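Structure first, commentary second.
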Amino acid sequence: MPRRVTIDDVARLAEVHKATVSRALNAQTRDQVNAETLKRVKRAARQLGYVPNAMARGLRTSRSMTIGVIIPDLMNPIFPPIIRGIEHVLQAQGYTVLIANTDSHDDVEISVLESLLQRRVDGFILATGRLDDHTVVDEATAADVPVVLVNRGAGLGGFPLVSGDNAHGIDLALAHLLDLGHRHIVHAAGPLNFSTTRSRAEAFEAAATKAGVEHGTIYASGLTIEAGFDVADQILAGRGACPTALVAGNDLVALGLIRRLRAEGLRCPEDVSVVGFNDMPFAEDFWPPLTTVHMPLREIGAEAARLLLRGIDAGAQEGATVTLPVSLVVRGSTGPVGG
């Protein structure tokens, strides 16, 4: 059986001290090694087929070099860009990302949290925050594992949160519709137990009231196409005139609204304008292409990872809320009143 290649073998071939090899092959310390030496060490490691022993390193540092990321719905297109941002930052520092999908089921969320805790993850990034249930955050805290919330908050102080500027996004959407002459606007919001829903709904109410336009808010059962379809059903079944513009809680809800309007024989934007939220991948490929609030999804994930790493390195976390800027992307789903 061939002898396992060791760090001493790499050091001899590269003609450096083994401590230099250790620093060069560790993503967290390689910036301490000059470029020429780093190149020589990497070349020697490749030539010998040396593979760093992550388990041994974990025993020395008391870290597993793994991070748990829990998301509510892998099929929701906003999460892949967030995960890519998380991975981009963490992998560069030598961490492995373990992703768990809950399908928004409470029991699954607890189960995957316990499973990841058993794997001794060094921290969590949670996209499952809800205002009415703090169980998962509390469990992670009790286990003394750092937590960063991403996209949605949990209504608790003391935990870092990275999100887009939801209120400003609504302000941009409403200002755009007002410029187009719309004076009867309905907000098809998400579920009330989401912090994103609450901040967007409050911003909509404040801006619409200030503008003096007829308005209302209907809360969808979820942030899905089906939920948007159902909200449009409620709007069409209501008394009085149909609103001339709809602001959706996210892009999937917007797509459901457009489908139901089309089934009713209403045209978008000639009869009803629709604005989404998030600017998820392929929003420009809808028909009509969707006007939506652009959220910097990848950067949201990256900043959440940076916050978590700072907390791990410091041994303590600050309850900072990082709000990243948003913008409005105007496409074909909005137009002047009367088309």
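Position 1 is the first residue of the sequence, and the numbers go up from there. Side chains included, hydrogens not; waters and symmetry mates left out as well; all remaining heavy atoms used. Values in this document were obtained by computation on a predicted structure and should not be read as measured data.
Here the CZ atom belonging to F124 is positioned 9.0 Å from the CD1 atom belonging to I67, to the nearest 0.5 angstrom. With rounding to the nearest 0.5 Å, the separation of CD1 in I70 from OG in S115 is 9.5 Å. Interatomic distance, CG of L126 versus CG of L161, reported as 11.0 Å (0.5 Å rounding). The CG atom of L149 lies 8.0 Å from the OG1 atom of T128; values are rounded to the nearest 0.5 Å. In this structure, the separation between OG1 on T102 and CD1 on I71 is 8.0 Å, given to the nearest 0.5 Å. Separation of atoms CG (N193) and CZ (R152) is listed at 7.5 Å; rounding is to 0.5 Å.
Between the side chain of D279 and the backbone N or O of M295, no donor-acceptor pair lies under 3.5 Å. Between the side chain of S333 and the main chain of V274, a donor-acceptor pair closer than 3.5 Å is present. Judged by distance alone, the side chain of S273 and the main-chain N or O of G335 form a donor-acceptor pair under 3.5 Å. In this structure, D103 contributes its side chain and H105 its backbone to no donor-acceptor pair below 3.5 Å. In this structure, the side chain of T197 engages the main chain of P191 through a donor-acceptor pair within 3.5 Å. Here the side chain of S64 pairs a donor or acceptor atom with the backbone of R120 at under 3.5 angstrom. At least one donor-acceptor pair closer than 3.5 Å links the side chain of N250 to the backbone N or O of V253. Not a single donor-acceptor pair under 3.5 Å links the side chain of R331 to the backbone N or O of T291. The main-chain N or O of G164 is found under 3.5 Å from a side-chain atom of N166 such that the two form a donor-acceptor pair. Checking side-chain atoms of T20 against main-chain N and O of V16 turns up no donor-acceptor pair under 3.5 Å.
With D251 as reference, N278 is the one residue of N278, V275, L223 to meet the side chain to side chain contact (heavy atoms under 4.5 Å, CB included) rule. The side chain to side chain contact (heavy atoms under 4.5 Å, CB included) test with Y95 is passed by exactly one of I86, I312, L308, V121: I312.
Placement of L261 and L180 in two distinct hydrophobic clusters is found when ILVMFWY residues are connected by side-chain heavy-atom separations under 4.5 Å, directly or transitively. Note: the hydrophobic cluster containing M280 does not contain V329 (ILVMFWY, side chain heavy atoms under 4.5 Å, direct or indirect links). Under a hydrophobic-cluster definition in which Ile, Leu, Val, Met, Phe, Trp and Tyr are linked whenever side-chain heavy atoms come within less than 4.5 Å, directly or via other members, V322 and V69 are assigned to the same cluster. Two different hydrophobic clusters hold L252 and F282 under the rule that ILVMFWY side chains link at heavy-atom gaps under 4.5 Å. A single hydrophobic cluster is not seen to contain both Y219 and I235; linkage of ILVMFWY side chains at heavy-atom distances under 4.5 Å, directly or through other members, places them apart.
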task: Starting from the C-alpha separation in whole Å, work towards a yes-or-no answer on side chain to side chain contact (heavy atoms under 4.5 Å, CB included) for R119 and T66.
output: CA-CA 9 Å; R119 286 164 172 75; T66 57; 5.6 Å; no

- prompt: Stepwise, does the side chain to side chain contact (heavy atoms under 4.5 Å, CB included) test hold for I82 with R298?
  reply: CA-CA 5 Å; I82 290 175; R298 182 162 178 153; over 6 Å; no

message: Show, in sequence, the C-alpha distance, side-chain angles and deciding distance for L13 and R43, and conclude whether the side chain to side chain contact (heavy atoms under 4.5 Å, CB included) test is met.
response: CA-CA 9 Å; L13 183 59; R43 185 166 57 242; over 6 Å; no

- prompt: Passes salt bridge (Lys or Arg N to Asp or Glu O under 4.0 Å), E205 versus R198? Steps please.
  reply: CA-CA 11 Å; E205 175 65 27; R198 185 165 298 182; over 6 Å; no

task: Could you give me the CA-CA distance, side-chain angles and deciding distance for T196 and R200, then say whether side-chain hydrogen bond (donor to acceptor under 3.5 Å, both in side chains) is met?
output: CA-CA 6 Å; T196 47; R200 294 172 192 177; 4.9 Å; no

message: Could you go through V162 and L307, starting from their C-alpha distance and side-chain angles, then the distance that decides it, and tell me whether this counts as side chain to side chain contact (heavy atoms under 4.5 Å, CB included)?
response: CA-CA 9 Å; V162 183; L307 271 180; 3.5 Å; yes

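Here the shortest heavy-atom pairing between V33 and L38 reads CG1-N, 3.7 Å. Across A248 and L257, no two heavy atoms sit closer than the pair CB-CD1, 3.9 Å. Between P146 and D122 the shortest heavy-atom distance is CD-O, 3.3 Å. Closest heavy-atom contact between G123 and V145: CA-CG1, 3.5 Å. Pairing each heavy atom of P243 with each of V272, the nearest pair is O-CG2, 3.7 Å. The minimum heavy-atom distance linking V293 with A173 is given by the pair CG2-CB, 4.4 Å.
Here the side chains of H294 and L328 are not in contact, with every heavy-atom distance at 4.5 Å or above. Using a 4.5 Å heavy-atom cutoff, the side chains of I83 and I99 are in contact. Counting only heavy atoms from C-beta outward, the side chains of E299 and L324 approach each other to under 4.5 Å. Inter-residue side-chain proximity for I258 and L290 is flagged as met; some heavy-atom pair is nearer than 4.5 Å. When side chains are defined from C-beta on, N151 counts as touching I78, because their heavy atoms get closer than 4.5 Å. T96 is not listed as a side-chain neighbour of M65, based on a closest heavy-atom distance of 4.5 Å or more. By the 4.5 Å heavy-atom criterion applied to side chains, T244 and R183 are not counted as neighbours. No side-chain heavy atom of V247 sits less than 4.5 Å from a side-chain heavy atom of F277.
Taking the six-membered ring where tryptophan is involved, the planes of H187 and F204 are tilted, since the angle between them lies from 30° to 60°.
The local environment of CD in E15 is sparse, with at most 12 non-hydrogen atoms from other residues, nucleotides or ligands closer than 6.0 Å. Counting non-hydrogen atoms of other residues, nucleotides and ligands closer than 6.0 Å to CZ of R262 gives a total above 12.
Under a 4.0 Å N-O distance rule, the pair R12/D9 qualifies as a salt bridge.
Judged by the 6.0 Å and 45° rule, R259 forms no cation-pi pair with F229.
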